[in-house]
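Following: one structure in structure tokens, then a few remarks.
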Amino acid sequence: MLRCDSFAISVAFITRGGITPLLQTLQELERRGVPGRVLTTDYLCFSDPVALDTIASLSNIEMRMYQTERAGNGFHTKGYIFQKSEEYRFIIGSSNLTQDALTRNMEWNTKLVSTNKGEMVNAVLVEFEKLWNATEYTKPYAEFIEEYRRKYKEKQLFNKIVAEQKKMQRVRQFHL
């Protein structure tokens, strides 16, 4: 990341644990004015709004969210694209921008290096641009964050209620 002229990231999930180890690097890129784009999704309301706020607070990064309900499909991409002059380094695989994906999980990722004339890099760039510019489904940070924050809180509350009900059910079964 520190050697790129620009970067683009497309991941389904972003959490605080995934941002924390990269924050100094992202701040250094901001100081140097290296532009970045981050595309994520509301899929399963998994991404942490605080992590999204952290990324969006960096002046060099533009963030967008792909809205799966509106699109009528899932979104589970995981791609990291780093451009330096005419060379692209990109990683495509199974790693989201989460702590577990970056530090503990068994993840499979492929790193490729290509010039800007390479067939694979062009296919990846075309797909990223297609998703990034799908204005009927993709919204800029300022347009999605409040609604997403509300949905995220609702999901967290729902998960807490379900966990409490399961706990109560185990207690009842134990006493039978």
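These figures come from a predicted structure and were not determined experimentally. In what follows, residues are counted from 1 in the order of the sequence shown. Values below: every heavy atom of this structure, side chains too, minus hydrogens, waters and symmetry copies.
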_Please find the pair of heavy atoms, one from S114 and one from V121, that lie closest to each other, and give the distance._
OG-CG1, 3.5 Å

*State plainly whether the residues E147 and K151 are in salt-bridge range, i.e. N to O under 4.0 Å.*
yes

_For N133 and R64: C-alpha separation, side-chain torsions, deciding distance, then whether side-chain contact (heavy atoms from CB on, under 4.5 Å) applies._
CA-CA 10 Å; N133 292 311; R64 293 189 183 177; 3.9 Å; yes

*Does a donor on one side chain sit under 3.5 Å from an acceptor on the other, for N105 and E107?*
yes

*E86 to Q83 - nearest heavy-atom pair and separation*: N-NE2, 4.4 Å

_Candidate pair R150 and E154, rule salt bridge (charged side-chain N to carboxylate O under 4.0 Å, His left out), full reasoning_ = CA-CA 6 Å; R150 182 185 54 75; E154 287 173 2; 2.9 Å; yes

*State the NZ-CD1 distance between K78 and I92, to the nearest 0.5 angstrom.*
12.0 Å

*Examine distances only and state if a side-chain atom of N96 and a backbone atom of F13 form a donor-acceptor pair shorter than 3.5 Å.*
yes

_E30 versus S59, side-chain donor and acceptor atoms under 3.5 Å_ = yes

*Less than 4.0 Å between a side-chain N and a carboxylate O, is that true for K84 and E87?*
no

*Measure from the side-chain N and O atoms of T68 to the backbone N and O of G74, and report whether any donor-acceptor pair falls under 3.5 Å.*
no

*For the residue pair T77 and S10, confirm or rule out a side-chain donor-acceptor distance under 3.5 Å.*
yes

_Backbone of V11 reached by a side-chain donor or acceptor of T40 within 3.5 Å_ = yes

*How far apart are the closest heavy atoms of S47 and A12, and which atoms are they?*
OG-O, 3.5 Å

*Locate the shortest heavy-atom distance separating F82 from C4; write the atom from each residue and the value.*
CB-CB, 4.0 Å

*Is it the case that one hydrophobic cluster holds both I61 and F144, taking links as side-chain heavy atoms less than 4.5 Å apart, direct or via other members?*
yes

_Using a strict threshold of under 4.0 Å (side-chain N to carboxylate O), is an ion pair present between R37 and E129?_
yes

*Taking N122 for its side chain and N116 for its backbone only, find out whether a donor-acceptor pair lies under 3.5 Å.*
yes

*Does a side-chain heavy-atom distance below 4.5 Å link M1 with R3?*
no

*asked:* Has R32 got a side-chain atom pairing as donor or acceptor with D5's backbone, closer than 3.5 angstrom?
replied: no

_Rounded at 0.5 Å granularity, tell me how far NZ in K139 sits from CG in D42._
11.5 Å

*How many angstroms lie between CD in Q24 and CG in L29, if you round to the nearest 0.5 Å?*
12.0 Å

*Transitive ILVMFWY side-chain link F7 to L131, under 4.5 Å*: no

*asked:* Does K155, at its NZ atom, have more than 12 non-hydrogen atoms belonging to other residues, nucleotides or ligands within less than 6.0 Å?
replied: yes

*Using 4.0 Å as the upper bound for N to carboxylate O, is an ion pair formed by K167 and E164?*
no

*Hey, quick one: are V38 and L23 part of the same hydrophobic cluster, counting side-chain heavy atoms closer than 4.5 Å, chains of contacts allowed?*
yes

*Say whether, by atom type as modelled, one donor and one acceptor occur between the side chain of N109 and the main chain of I91 under 3.5 angstrom.*
no

*F46 and F75: same hydrophobic cluster, using ILVMFWY side-chain contacts below 4.5 Å?*
no

*Could you tell me the separation between the CD1 atom of I19 and the CD1 atom of I14, rounded to the nearest 0.5 Å?*
5.5 Å

*Evaluate whether atom CD of E136 has more than 12 neighbouring non-hydrogen atoms of other residues, nucleotides or ligands under 6.0 angstrom away.*
yes

*asked:* Pair R16, T54 - check side-chain contact (heavy atoms from CB on, under 4.5 Å), show working.
replied: CA-CA 8 Å; R16 283 182 256 186; T54 301; 5.8 Å; no

*Without hydrogens or angle criteria, can the side chains of Y141 and D53 be said to hold a donor-acceptor pair below 3.5 Å?*
yes

*Any donor-acceptor pair under 3.5 Å linking the side chain of T138 with the backbone of T135?*
no

*When rounded to the nearest 0.5 angstrom, what distance separates NZ in K117 from OH in Y88?*
10.5 Å

*same_hphob_cluster(V50, M63) at 4.5 Å side-chain heavy-atom cutoff*: no

_Whether Y148 side chain and M65 backbone form a donor-acceptor pair below 3.5 Å_ = no

*Report yes or no: does Y80 contribute a side-chain atom to a donor-acceptor pair with the main-chain N or O of S95 at less than 3.5 Å?*
yes

*Is there a donor-acceptor contact under 3.5 Å from the side chain of Q99 to the main chain of G18?*
no

*For the atom pair CG (D48) and CZ (R149), what is the distance rounded to the nearest 0.5 Å?*
9.5 Å

